[in-house]
Amino acid sequence: MTLDFLGTLERSHKCGDLRSSHSGNTVTLMGWVNRRRDHGDLIFLDVRDRTGITQVVFDKSVSPEAHAKAEAARPEFVVAVTGAVRDRGEGLRNPKMLTGDIEVVGSELLLLNDAKTPPFPIADDAPITNEEIRLKYRYLDLRRPELQKNFALRHKVTRAIRDFLSDNSFLEIETPLLTRSTPEGARDYLVPSRVHPGHFYALPQSPQIFKQILMISGFDRYFQIARCFRDEDLRADRQPDFTQIDLETTFPQQSTIFRIVEGFLRAAFKAGGIDLPEVSFLQMTYDEAIAKYGIDKPDMRLPAMVDLSAELTAELRGTLKIDATLPVYGFTIPRVGALSGTQRRALVDEIRKGFGDCGLDFLDVARLRTNEAFMPLAEAIAAKLTAEQIVFCGENFTTDDLAVVITPKPGTPVAWNQDKQWIAKRVGGLRLELAKKYADKHKLFEQTGTAKDFRFLWVTDFPMYEWNEEHKAWDAAHHPFTSPHEEDIKSGALWNDKGSVRALAYDIVLNGTELGSGSIRIHRQDVQAEIFRTLGMSNEEAHERFGFFLDALEYGTPPHGGIALGLDRIVMILAGASSLREVIAFPKTAKAIDLMVDAPTPVSEAQMRELNLRIAHRS
RNA sequence: GGGGACGUAGCUCAGUUGGUUAGAGCGCUGCCCUGUCACGGCAGAGGUCGCGGGUUCGAGCCCCGUCGUCCCCGCCA
């Protein structure tokens, strides 16, 4: 087949443009052949570009040359077509197409390029389950309308955020990608220096220190759509390189940050076609989140766990053999519907099994009734129901809900707050597991366009430190530049009672997904030094690792704070996708491999020599 | 590092208790067709059953190992 040259031809419209108002116009469209329907002397070509699809009809009796070329055209051929727009007339319209009222009567067809038969169809909207082949042929996958839509959405959302922040006097400033290893929690991606043998740059896990320096430099408000890199194992919502909306401002209250984030999220969601109500997001402290949901990123679409201690009289505790000191958790999974006796027993077994290996043997109580009346826990116990038969009646409890009551095995020592939190986390984990298991039934997680249920939540007052049992040392719960509460500094707790110190750190959570995390930072050198000390970093070590930053703190550092949000996750949620790979153009597999370019790869001996590197082959 | 699911035609999948020549739909190729739009009709091509080993008279199916993709735990301030 001979291909045609483009010559000086330009397109007059895009494939999604034409309406019946264009009837009579002569137009030139360019794009890909989406489908061909060959009726012999009459051939239909659907021509596709990013904007849509237009039907072009070739009639042998009208334009025999163009018709002959249309016969040769195949899906994904690149064509330029010139012809008159014609209203299709009654009975021939296609209401499923935006351009379905018209067609182009092809008088000239240029075959600009041919195409091999693609490994999977581009025109179908049928899902392709083989991700390996999608990623290998990513350029074809991206050509599919579904992904085209996702990236148009991503652009709109990014733009809305950029506009909002710009309008609120944030300056977009870039920070280096080749930088030094910083103290954040994740593993660094390292880049060897050719000029300095044995020295390495690190790719930033976030622009954290740079943005604080920018505050010290007096830029007042900074933001960046920043690429970040973390060498940790992947998940559906985690890629090794990802994008954050990173921002920082001077002289903020925590509420200042909240207002800004709520503002741009509202703008971002609006760009995604969703109007969020003009009310502030809910707020909850970390301790409350753990106590009520057993997790630091509660999914507010599900009801909280309930502390049933109050329902248990001493007598009832005796009957159930529950120590007076033990917490009793009740929770419901809404609208699970009927479970058979067999299903219920299997569930009880499963819960038992799930808790069997964690050092705590939980008294499990799970029962669902759809047609029977419920009785309160106390009555149930009085009626001498066995543990498995007891029904928990919580608030807003309907007959379709699944109720679960859990308490640790009698005699379990619950010594201090962290024990209680540990138990709450276990129970909260079960709660989430069950919610996922019955997700189809209870419909709470259904994601249907604008009808989605978006429950934003600020989680505040994270602990400043977490005790690391393995290393017998304190770790920074957020990062070491996070400011403690002023009261906890004034009270002396910062020095005397490290476990109780609260951080001015906050997470923004949406439907159980952590969208972002931030804090008010330390602006005083003395406080910063104390934090480093507590984290087990000597003065020398602190100065070696970020002397430049400690120095900067001494030249008039204003109070400042900020946050970073995962752009990929935001777009993923707005796109209704279940994986980041649907909203990242060139994503990596679960083993961090790019199947299209085939990265990473070994490099040549010469490159290695130049970098003064040698591979140590471990046996 | 650990647990789980999957791997059969280009794609989506079926394949019985281990039994002759491994199937379907879509796609692809050729021919026919002037109103289709998931066009239709006829004919056809297309397979290292991921890979390696084992058991067996006989393996897509059973066993061992290995590779790949996905999901989860650990990890990710």
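Computation of the quantities below employed the complete heavy-atom set of this structure, encompassing side-chain atoms and omitting hydrogens, waters and symmetry-equivalent molecules. Residue numbering restarts at 1 for every chain, and letters A, B, ... go by the order of the sequence lines.
- Of the candidate nucleotides rU69(B), rC28(B), rG35(B), rG35(B) has the atom lying nearest to any side-chain atom of R86(A).
- What separates CG of D237(A) from C1' of rC72(B) is a distance of 11 Å, to the nearest Å.
- Counting to the nearest Å, the C1' atom of rC33(B) and the CG atom of D38(A) are 8 Å from each other.
- In this structure, the CG atom of D59(A) is 14 Å from the C1' atom of rC33(B), given to the nearest Å.
- Checking rC70(B), rC28(B), rG35(B) against every side-chain atom of E131(A), the shortest atom distance belongs to rC70(B).
- Taking only distance into account, the side chain of R35(A) never meets the base of rC37(B) through a donor-acceptor pair shorter than 3.5 Å.
- For F546(A) and F532(A), the distance between ring centers is under 6.0 angstrom.
- Residue R37(A) places no side-chain N or O under 4.0 Å from the OP1 or OP2 atom of rU36(B).
- Residue E132(A) is in sugar-phosphate contact alone, with no base atom involved, counting any heavy-atom pair closer than 4.0 Å across all strands shown.
- D46(A) places its CG atom 14 Å from the P atom of rU36(B), with the value rounded to the nearest Å.
- Looking at heavy-atom distances under 4.0 Å, Q239(A) makes no contact with the nucleic acid at all.
- Nucleotide rU66(B): paired with rG50(B) (Watson-Crick or G-U wobble, both distances less than 3.5 Å).
- Straight-line distance between the C1' atoms of rG65(B) and rU55(B): roughly 15 Å, to the nearest whole Å.
- Side-chain contact check for Q224(A) and T175(A): at least one donor-acceptor pair (N or O, by modelled atom type) lies under 3.5 Å.
- Between the side chains of D287(A) and Q421(A), a donor-acceptor pair is found at a separation under 3.5 Å.
- Residue L234(A) is out of contact with every strand shown, counting any heavy-atom pair closer than 4.0 Å.
- By the stacking rule of 5.5 Å between ring centres and under 30° between planes, H39(A) stacks on the base of rC39(B).
- When both distances must be under 3.5 Å, the Watson-Crick or G-U wobble mate of rC76(B) does not exist.
- Atoms CD1 (I122(A)) and P (rU12(B)) sit 13 Å apart, rounded to a whole Å.
- Scanning atom types as modelled, no donor and acceptor separated by under 3.5 angstrom connect the side chain of E232(A) and the base of rG74(B).
- A salt bridge between R230(A) and D188(A) is absent, with no side-chain N of the basic residue lying under 4.0 Å from a carboxylate O of the acidic one.
- Defined by atom type and a distance below 3.5 Å, a donor-acceptor pair is present between the side-chain atoms of Q55(A) and R37(A).
- For rG74(B), its base sits under 3.5 Å from the side chain of R235(A) at one donor and acceptor pair at least.
- Between rA38(B) and K96(A), a contact under 4.0 Å exists linking OP1 or OP2 to a side-chain N or O.
- For E103(A), the side-chain atoms get nearest to rU36(B) when compared with the rest of rU34(B), rU36(B), rC37(B).
- Pairing for rC33(B) is absent, with no Watson-Crick or G-U wobble pair whose two atom distances lie under 3.5 Å.
- A salt bridge does not link D594(A) with K588(A): every distance from a Lys NZ or Arg NE/NH1/NH2 to an Asp or Glu carboxylate oxygen is 4.0 Å or more.
- For the 3.5 Å distance criterion, the side chains of Y189(A) and D241(A) fail to qualify, holding no donor opposite an acceptor.
- Listed pair T589(A) / rU69(B) meets the phosphate criterion, a side-chain N or O lying under 4.0 Å from OP1 or OP2.
- Pair assignment for rG44(B) gives rC28(B), based on Watson-Crick or G-U wobble hydrogen-bonding distances that are each under 3.5 Å.
- A gap of 14 Å separates the C1' atoms of rA14(B) and rC61(B), to the nearest Å.
- Counting any heavy atom pair closer than 4.0 Å across all strands shown, D475(A) reaches no nucleic acid atom.
- Separating the CD1 atom of I102(A) from the C1' atom of rC37(B) is a distance of 13 Å, rounded to the nearest angstrom.
- Note on E530(A) versus R533(A): salt bridge recorded, some NZ/NE/NH1/NH2 to OD/OE distance being below 4.0 Å.
- A donor-acceptor contact under 3.5 angstrom links the side chains of S61(A) and D59(A), judged on distance only.
- The interatomic distance linking F58(A) (CZ) with rC37(B) (C1') rounds to 15 Å, in whole Å.
- The side chain of K60(A) places no N or O atom within less than 4.0 Å of a non-bridging phosphate oxygen (OP1 or OP2) of rU34(B).
- With RNA chain B read from its 5' end, the first of the two nearest nucleotides for K436(A) and L135(A) is the one closest to L135(A).
- S61(A) comes within 4.0 angstrom of a nucleotide base, judged by non-hydrogen atoms across all strands.
- Using a 4.0 Å heavy-atom cutoff across all strands shown, P121(A) reaches no nucleic acid atom at all.
- No hydrogens or angles were tested; on distance alone, a donor-acceptor pair under 3.5 Å links the side chain of R230(A) to the base of rA77(B).
- We find that CG of L580(A) is positioned 15 Å from C1' of rC70(B), with the value rounded to whole Å.
- A gap of 25 Å separates the C1' atoms of rG23(B) and rG40(B), to the nearest Å.
- In this model, no side-chain donor or acceptor of R36(A) finds a partner on the base of rC39(B) within 3.5 Å.
- Taking 4.0 angstrom as the limit, R581(A) places none of its side-chain polar atoms (N or O) nearer than this to OP1 or OP2 of rU69(B).
- Rounded to the nearest Å, the gap between the P atom of rG54(B) and that of rA59(B) is 12 Å.
- R187(A) contributes no side-chain N or O that forms a donor-acceptor pair with the base of rG74(B) under 3.5 Å.
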Next on the checklist: Run C15(A) and I53(A) through side chain to side chain contact (heavy atoms under 4.5 Å, CB included) and show every step you take.
Outcome noted: CA-CA 5 Å; C15(A) 295; I53(A) 295 173; 5.8 Å; no

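- As judged by a 4.0 angstrom heavy-atom cut-off over every strand, D231(A) is placed among residues making no nucleic acid contact.
- Taking a centre distance below 5.5 Å and an interplanar angle below 30 degrees as the stacking criterion, F120(A) does not stack against the six-membered base ring of rC11(B).
- For V62(A) and D233(A), each mapped to the nucleotide of RNA chain B holding its nearest heavy atom, the one lying further toward the 5' end belongs to V62(A).
- As the counterpart of rU56(B), no nucleotide is assigned, since no Watson-Crick or G-U wobble pattern has both distances under 3.5 Å.
- Between rC31(B) and rG68(B), the two P atoms lie 44 Å apart (nearest whole Å).
- Among the nucleotides rU34(B), rC76(B), rU69(B), the one closest to the side chain of D41(A) is rU34(B).
- Rounded to a whole angstrom, the distance from the C1' atom of rG46(B) to that of rC28(B) is 9 Å.
- For rC11(B), its base never sits under 3.5 Å from the side chain of D124(A) at any donor and acceptor pair.
- As rounded to the nearest Å, rU34(B) and rU8(B) have C1' atoms that lie 42 Å from one another.
- When heavy atoms are screened at a 4.0 angstrom cut-off, R74(A) is found touching the sugar-phosphate backbone but no base atom.
- A distance of about 31 Å separates the C1' atoms of rU29(B) and rU69(B), rounded to the whole Å.
- Here R521(A) lies out of heavy-atom contact (under 4.0 Å) with every strand.
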